[in-house]
Amino acid sequence: GSERIAELLRERFSGDWRELLAEIQVGFVLFLVLSSLEALEAWKGLVALLCSSGSLMRQKPDDMAEFVRVLRRQLEHVPADFFRDEISSANFLGPA
């Protein structure tokens, strides 16, 4: 969990948490506006990774609080049937 996130931050986002959040936001917008399944999968992967790291909440509480705010805002914009749809029926957020 948190080790993978630290590695991801170093390798893809120059250690910048805001860039990681921006990637999550871009993926969400591309999925929502353009119905990009590739963007949905990227978004789901990052969200699931962050949600699966309980230790990250202790290590980076401010960053995780910002992630939760971003995710909450995003979920306010998904259609009501999003979690019943075939694309997201596995409900990747359930375990989180």
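Fair warning: this is a prediction, and the values are worked out from it, not measured in the lab. Position 1 is the first residue of the sequence; numbering continues from there.
- Trp17 and Val70 end up in different hydrophobic clusters when Ile, Leu, Val, Met, Phe, Trp and Tyr side chains are linked at under 4.5 Å.
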Going by atom type alone, with no hydrogens or angles, which donor-acceptor pairs under 3.5 Å involve a side-chain atom of residues 28-39 and a protein atom two or more places apart or on another chain?
unit_1	atom_1	unit_2	atom_2	d
Ser36	OG	Ala39	N	3.0

Can you list, pair by pair, the side-chain donor-acceptor contacts under 3.5 Å of residues 56-68, counting residues two or more places apart and other chains?
unit_1	atom_1	unit_2	atom_2	d
Glu66	OE1	Arg69	NE	3.1
Glu66	OE1	Arg69	NH2	2.8

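- In the hydrophobic clustering of ILVMFWY residues, with side-chain heavy atoms under 4.5 Å counting as a link, Leu40 and Val26 come out apart.
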Evaluate side-chain contact (heavy atoms from CB on, under 4.5 Å) for Leu9 paired with Asp16, printing each intermediate quantity in order. CA-CA 6 Å; Leu9 277 168; Asp16 190 341; over 6 Å; no
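- Salt bridge annotation for Glu19-Arg12: absent, with no cationic side-chain nitrogen under 4.0 angstrom from a carboxylate oxygen.
- Rounding to the nearest 0.5 Å places CD1 of Ile5 at 7.5 Å from OG of Ser55.
- Side-chain atoms of Ser53 never come within 3.5 Å of backbone atoms of Leu50 as a donor-acceptor pair (strictly under, hydrogens ignored).
- Counted by atom type alone, Trp43 and Glu23 present zero donor-acceptor pairs between their side chains at under 3.5 Å.
- Under a hydrophobic-cluster definition in which Ile, Leu, Val, Met, Phe, Trp and Tyr are linked whenever side-chain heavy atoms come within less than 4.5 Å, directly or via other members, Val78 and Val47 are assigned to the same cluster.
- Between the CG atom in Leu8 and the OG atom in Ser2 there is a gap of 12.5 Å [rounded to 0.5 Å].
- Between Arg10 and Glu7 there is no salt bridge, since none of the side-chain N atoms of the basic residue sits less than 4.0 Å from a carboxylate O of the acidic one.
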